[in-house]
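Bear in mind the structure is a predicted one, so any value in this text is a computation, not a measurement.
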Amino acid sequence: MTPDWLDIGWLDQIPVRGSRTVPVVGGEEIAVFRTGDNQVFALANRCPHKGGPLSQGIVHGHSVACPLHNWNIALATGSAQGEDKGCTPVVPVKVVSGRVLICRASALRVAA
């Protein structure tokens, strides 16, 4: 692991089809999602529509439904799907030996 990546914990600490949040000092939270097929994605924890907390939404496939107005956000791109328009910033994430790592620079940029 290099200082470019932040270790945020074990993959199994994130519920399947769920999320956990990572606080960023002086900025917004990052929401880290785990899909049913064990892929991991990270986004700013805000819907592009009205800023709803995406971490509280329902993960289905590779999307999350905003808990406020049910906008579907693609986890890989942060883009609203269907007729909705908008995009949530994405943070690069990877899993190494069961540990979830997020890109430090991107997390800080998103949270600013």
Side-chain angles (χ1 to χ4, degrees):
M1 180 175 60
T2 69
D4 295 337
W5 293 91
L6 296 171
D7 184 329
I8 61 164
W10 293 104
L11 175 62
D12 63 6
Q13 292 176 318
I14 303 170
V16 175
R17 289 183 290 286
S19 68
R20 69 176 275 207
T21 59
V22 178
V24 178
V25 175
E28 290 187 61
E29 290 181 319
I30 304 298
V32 182
F33 300 91
R34 181 178 174 192
T35 62
D37 60 357
N38 282 321
Q39 291 195 44
V40 181
F41 300 92
L43 303 170
N45 191 25
R46 64 178 151 75
C47 178
H49 176 224
K50 298 272 185 176
L54 293 175
S55 62
Q56 295 176 22
I58 296 171
V59 175
H60 49 95
H62 287 187
S63 299
V64 62
C66 177
L68 295 184
H69 300 101
N70 205 34
W71 275 36
N72 288 306
I73 308 300
L75 294 172
T77 65
S79 296
Q81 298 178 321
E83 297 295 317
D84 300 323
K85 302 289 182 226
C87 193
T88 297
V90 174
V91 175
V93 62
K94 63 183 178 179
V95 178
V96 177
S97 300
R99 302 291 294 182
V100 179
L101 310 172
I102 60 173
C103 177
R104 179 187 304 270
S106 294
L108 293 174
R109 208 172 23 256
V110 164

Quick check for you: to the nearest 0.5 Å, what is the distance between Glu83 atom CD and Gln81 atom CD? 12.5 Å
Going by heavy atoms in the side chains, are Asn72 and His60 under 4.5 Å from each other? yes
Side chain to side chain donor-acceptor pair (under 3.5 Å) partners of Gln39, counting only residues at least two apart: Asp37
N/O donor-acceptor pairs under 3.5 Å from side chains in residues 47-57, not counting sequence neighbours:
| residue | atom | partner | partner atom | Å |
| --- | --- | --- | --- | --- |
| His49 | ND1 | His69 | ND1 | 3.4 |
| Ser55 | OG | Asn45 | OD1 | 3.2 |
| Ser55 | OG | Asn45 | ND2 | 3.2 |

Could you tell me which residues satisfy side chain to side chain donor-acceptor pair (under 3.5 Å) with Arg99, sequence neighbours excluded, listed by chain and number? Asp7
Hey, could you give me the CG/OG distance between Leu11 and Ser97, rounded to the nearest 0.5 Å? 12.0 Å
Nearest 0.5 Å, what's the CG-CH2 distance between Asp84 and Trp71? 4.5 Å
Is there a chain of hydrophobic side chains (I, L, V, M, F, W, Y, each step under 4.5 Å between heavy atoms) that links Val100 to Val22? yes
Would you say Ile8 ends up clustered with Trp10 if hydrophobic residues are merged whenever their side chains have heavy atoms under 4.5 Å apart, either directly or through other cluster members? no
Heavy atoms, side chains only, cut-off 4.5 Å: are Val16 and Arg34 in contact? yes
For the atom pair OG1 (Thr88) and CD1 (Ile73), what is the distance rounded to the nearest 0.5 Å? 5.0 Å
Indicate yes or no for a side-chain donor-acceptor contact from Thr35 to the backbone of His62 under 3.5 Å, with no hydrogens or angles considered. no
Roughly how far, to the nearest 0.5 Å, is CD1 of Ile14 from CG of Asn38? 10.0 Å
Group every Ile, Leu, Val, Met, Phe, Trp and Tyr by side-chain heavy-atom contacts under 4.5 Å, then state whether Val32 and Val90 land in the same group. no
Transitive ILVMFWY side-chain link Val59 to Val40, under 4.5 Å: no
Spell out, yes or no, whether Val91 and Phe41 are grouped together once hydrophobic residues are joined by side-chain heavy atoms under 4.5 Å, including indirect joins. no
To the nearest 0.5 Å, atom CH2 of Trp5 lies from atom OG of Ser106 at 7.5 Å
